[in-house]
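Here's the structure, in structure tokens; my notes come after.
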Amino acid sequence: MTDILLFRDIDEPGLATIDVYERRGGYQALRTALKTDPAELIETLKGSGLRGRGGAGFPMGLKASFIPQGDMQKYVVVNADESEPGTFKDRELMQKNPHQLIEGVIIAAYAVGATKSFIYIRGEYEEQADILDAAVQEAYAKGYLGENVAGSGVELSLHVQRGAGAYICGEETGLLDSLEGRRGNPRLKPPFPANAGLFQGPTLINNVETLSALPHIVELGAETYSAIGVANSSGTKLISISGNVQRPGNYEIELGMSSRDIIYGLAGGPPEGREVKFWFPGGSSSPVLTADDLDVGYDFDSIAKAGSMLGSGAIIVVDDSQSVVDVCLKLAHFYAHESCGKCTPCREGTNWTEKMLGRVKDGTATPMDLDIMASVQQRIIGNCLCVLGDAMAMPVSSMIAKFRGEFEAHIEAARAAADRAAVGVAG
Amino acid sequence: MPRPVAQMVTFTLNGQEVTAPENAILADAALEHGNVEIPVFCYEPKIGGPVGACRMCLVEIEGIPKLQAGCSVPVKDGMVVHTDTPRVREAQEAVLEFILVNHPLDCPVCDKGGECPLQDKSFGWGDGISRFVEPKRHFEKPLALSPLIAIDRERCILCYRCVRFSQEVSEDHQLVLQERGAHAFVATFDGHPYVAPFSGNIIELCPVGALTSQPYRFRARPWDIEQSGSICTLCPAQCNVSFTVRDDRVLRVLQRDHEGVDDGWLCDKGRFAYQAIHVDERITQPLLRDGGELRPVTWELALETAAAALGRGRGRTAALAGGAATNEEGWLLQGLLRDSLDSADIDSRAGGTLPLDLHQALGAPALQASVPDLEFAHAVLVLGTEPVDDAPVLDLRLRKGVRRHGLQLFTATSRPSALDERAVLAVRYAPGAEAAFVAALDAALTGADVAGPAAAAGADADAVRALADGLRAAGEDIVVLWGERVCSGAAGADAARGLLNVAARLGLEGRDGAGLLGVPDGANGRGLREVGVLPNAAPGLAAPDTDGRDAAGIAAALAAGELTGVYLLRTDPLVDLADTPLWERALEKATTVIAHASFLTPGIAEHATVVFPAESHAEKEGTVVHPDGRLQRLRPAIGRQGETRPEWQVLAELRRALGNDERLLTCSMVTARMLESIPFYAGLTLDTIGADGTRWTERPQGAAAPAGAAAPFDLPAPAPAASPNGRLRLGTFRSIWASPEVGASPALKFLHPRQRVELAPGDAERLGVRHGSPVTVACDGRSVTGIAHVRASAPEGSVFLETAIAADSAAELDGPLVEVRPA
């Protein structure tokens, strides 16, 4: 079955150890890759059509081809700062199959000529970081890392760096600043990391899932891999489904599958007697879709056409027992809390939105506040230094637009309740 | 690095064609070349590249879907930019609304009110109403960020300018941002006060009233004040400043950005020492010694007494000029001495006589590097000077060169330099062994024997070779930034010859972007030399009729009774010069000590017979010469305080009283006479010097400067540095804070230095000295006490003490070896 690649043998006991991984065919793709010319390898990556799995969906091979030629120090950095609410696929990949990632890193480093690599892992992923550390040690011991990678004469070091628990460090340039030992804040782009990334050197930075796909692309070849999925969205995708579904968890799907089949087929749909009210197709930062959109194909273009984005591939399902106000407030709180504070619209806009939603919740808002809130979201979108501000403004905007009636009804009811309480106290 | 040459391109700005340098930042190009202001808060090119944080400068560029930050887009040919479309207006309004979300509207009580960029931008680009009704964030306020700076975190708009200044300009890394999102705030590392030589610059960088000057807070509103441009003469860096004046008092000093001098930065001494202008301790009326005490007298009596005393001492009177004296004063002083008093004993240097042809050669126009050269050179060798103490703003210039232009910095000093951390290579030599070190470097550059002179210098021969190789490999544009101490002392002439050799070996002569840049001890040291305040030079570095005694010779002659009087123009030998014991005897013995002074420092208080009140730098008129040859003009910002009269006028009146009939009625008349008397200043007038000054070394008339001795020279084998043998070699330094103005400024007083004894950890351990504990440093029966400062980077075998302080100065000690013990 070609739609199981990254999760192949995922529950095999001991897969996290190099012996089991090798026994299952691990590091064979690396040997193949090392016999290929790096330029040809990049062509293979381009031809595979693999798009970045971290959220932005930028073609991976193209990104690798931006890394300049030359003798300067180059880096490969793995973005393992998986912090988007609803997203937990990288965690399983690192926990259960760390060597697949390491093999992917080595292939990528060889392709772009990097001799130093880092895995920047979310601080809360302590167990996964320990597993990665052990796996990296094994890979060094077996000669897959170090001064002579698999006897090829190529050099590569790999270091696992733990973050300190900031969402913004998942933003690639914030991650690089943090990795350099600075305060994790996004940088101005351009220059892009491909030209001036870690320590100002050319840097290929990719998500865990993206790099974990590399051994499979090398193994299958660009043509076979690109045949998986649909046009412009090739390959398989790990999706994390959470929220009001009966079987939450991680699933590997072939891109283009119907969203309904994922939510109802794989995850079992909402509990008995409940309906899907709305769902986030690509993590908490994607604009919400409703039950009307369930038949949209789950691929980059179709989700974008429906007005949202595939993002990290995390589907959060909200059923009709939930209040949109609660979901919205929780979300705004997260982004206001995680805004780094560097750029004005995000810093002040997330903070302002959270305060307004707090008033909606406690009954001291008016419908006019909804207009202001909607306008504030429009004033955030596109005006920020990085996408964190948009990550709150887009879903909040979509919720206000699609559920304005419910917001107004909540304001009315909460105000009436507050009034009653006040009268009760006075009486 | 050769300076980048910009090609001009044309782009369209709001429908109008604008020509600007390619890759110029759009916000700059729009303003400078298109007369369109794109509002910015975080962008400040002086600090570094754009960061795109505030988002105030969003503009529309055709072909790019998203609005772009005008602070970070380089101008390209054919680019079409709109800054006035509804979309852009909406975005700018939005950002201002966001900025004001948490900004308190306390403008009526805010120091910045009336000169506040946030007010201006709100007025120009905001929509005038606020939709924000939630509670604003609150912080404890105001807090002292340091004794000099107050921080109001509620007003802060988090533009990061101050933090970036601390991290990327002054590189003191003391300011940080804590917390995140709307809770983020500017703080210092670990809560320590932000005390650093350049801290005050963040006040001017702050675009709101979050960072305010403690001494200036609540002293004036912008409509009460006037700005008056002049030059700071508290050190040789001669930064261009603007004095804030209210009711004839200086309330503040601001930078007056001059790319060729200061790059728009000031040190805290220059920024805050204005306070010394308006303190009670300042001398503002003439004083006469009467019955052992200095008493206030009328000008007539003081001038009469001084003229009579000078007349009596004809032929037996010497003169010394301090660094803050202007060219006009120096020129009048040497004329007074040489023409009216028949004396040749005049000096403005502390370090002894240097042959005239070496003065000429070291100052030759073809060999002079400029301040911007420090930034754009391939390599700079910092030799025998500590920029942050000797000419502070140059420290920032060198850091900028390293950070932004790939400058390769080399340091060669006896005392560890603050710049060592930014240097490719830092080389140490024994204190006072400058001549031997320069000889070793010269030998390394010619491939001769390095080991001998390096050993004499107490330097590592391999390091000297590495330095020579590094300089050669770096490129052709090399600047040697050297301190006056290099060419001082017994071997000063040999050191000067060695330095000229080094310049010749590196091919610095006549090369644009390369050369020597000498940092004199005194603020106007270069000017005073050029106008003839040297024992062996008349105005224009011409040979005088007779050579006179240098400062040390004057002291000896006074002590021996060969001289009877000394004229001290803004200098106190007991503070500014070496060998305090000798000077004490000299001043004790002198019958006439006429001084121009602002403060009763020890030598003045004890020994002056007549004291004329000296003008402060905000009151002064005249010209000075920057170390790189730039004549700069001082303009009075305030009236002279109390009964103070212009010092040039005092000198002119004495000259008249002593028989010179020429009437000098204004300072500009003196300037004109002075400029006329010096061939290489020919054609210069106050107008041509102008507000930005003029480098005479760049003018064709500069060729009239005497060429001096021609390198290369044969250097004698240098005398070996004293071997410590259990004791320590004495090195000295003058802190940035060692000036009477610092001691007299209430806000700066806490920085006024007391003796600090710097030594290496190994020596400290051997001598039983602990960091921070009092120690005694003794030599030949004399001793001073100070606080031990154990520095990991200090070389073993040497100890470094401060000079130019009123008590326990290193000038008390003779050296070259001293004993250090716990006090």
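Chain naming here is simple, since letters A, B, ... match the order of the sequence lines and numbering starts at 1 in each.
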Select one option (side chain, backbone, both, neither) describing which atoms of B/Leu58 are under 4.5 Å from chain A's heavy atoms. side chain

Using non-hydrogen atoms and a 4.5 Å limit, figure out which bit of A/Met356 sits close to chain B: side chain, backbone, both or neither. both

Could you report the tightest heavy-atom contact between A/Pro345 and B/Cys54, atom names first, then the distance? CD-O, 4.4 Å

Interface moiety of A/Arg187 toward chain B, non-hydrogen atoms closer than 4.5 Å: neither

Just wondering, do B/Tyr160 and A/Lys342 contact through their side chains at under 4.5 Å, heavy atoms? yes

Check whether any side-chain heavy atom of B/Phe41 lies under 4.5 Å from a side-chain heavy atom of A/Thr344, and answer yes or no. no

Turns out that what part of B/Gln92 lies under 4.5 Å from chain A's heavy atoms comes down to neither

What residue, out of B/Lys66, B/Arg137, B/His183, B/Glu97, has the most heavy-atom pairs lying under 4.5 Å from chain A? B/Glu97

At a heavy-atom separation under 4.5 Å, does B/Gln167 approach chain A through its side chain, its backbone, both, or neither? neither

Heavy-atom distances under 4.5 Å only: say whether A/Asn351 touches chain B with side chain, backbone, both or neither. side chain

Atom pair CD (A/Glu348) and CD1 (B/Ile157), whose distance is rounded to the nearest 0.5 Å: 10.0 Å

Is it the side chain or the backbone of A/Asp369 that comes within 4.5 Å of chain B heavy atoms, both, or neither? neither

At a heavy-atom distance under 4.5 Å, which candidate from B/Ala69, B/Ser72, B/Pro65, B/Ala184 has the highest pair count against chain A? B/Ser72

Scanning both residues in full, the closest heavy-atom pair of A/Arg183 with B/Glu179 reads NH2-O, 2.7 Å

Residue B/Phe132 versus chain A: region with a heavy atom under 4.5 Å: both

Heavy-atom distance under 4.5 Å to chain A: side chain of B/Gln68, backbone, both or neither? neither

Using a 4.5 Å cut-off on heavy atoms from C-beta on, say whether the side chain of B/Arg180 contacts that of A/Tyr167. no

Scored by heavy-atom pairs under 4.5 Å with chain A, the best of B/Val101, B/Val51, B/Leu67, B/Val95 is B/Val51

Below 4.5 Å, heavy-atom pairs only: which of B/Ala53, B/Pro50, B/Cys42 has the largest tally toward chain A? B/Ala53

Are side-chain heavy atoms of B/Arg55 and A/Asn383 found at a separation under 4.5 Å? no

Identify which part of A/Gln378 has an atom lying under 4.5 Å from any heavy atom of chain B, answering side chain, backbone, both or neither. neither

Contact origin within A/Cys384 toward chain B - heavy atom pairs under 4.5 Å: backbone

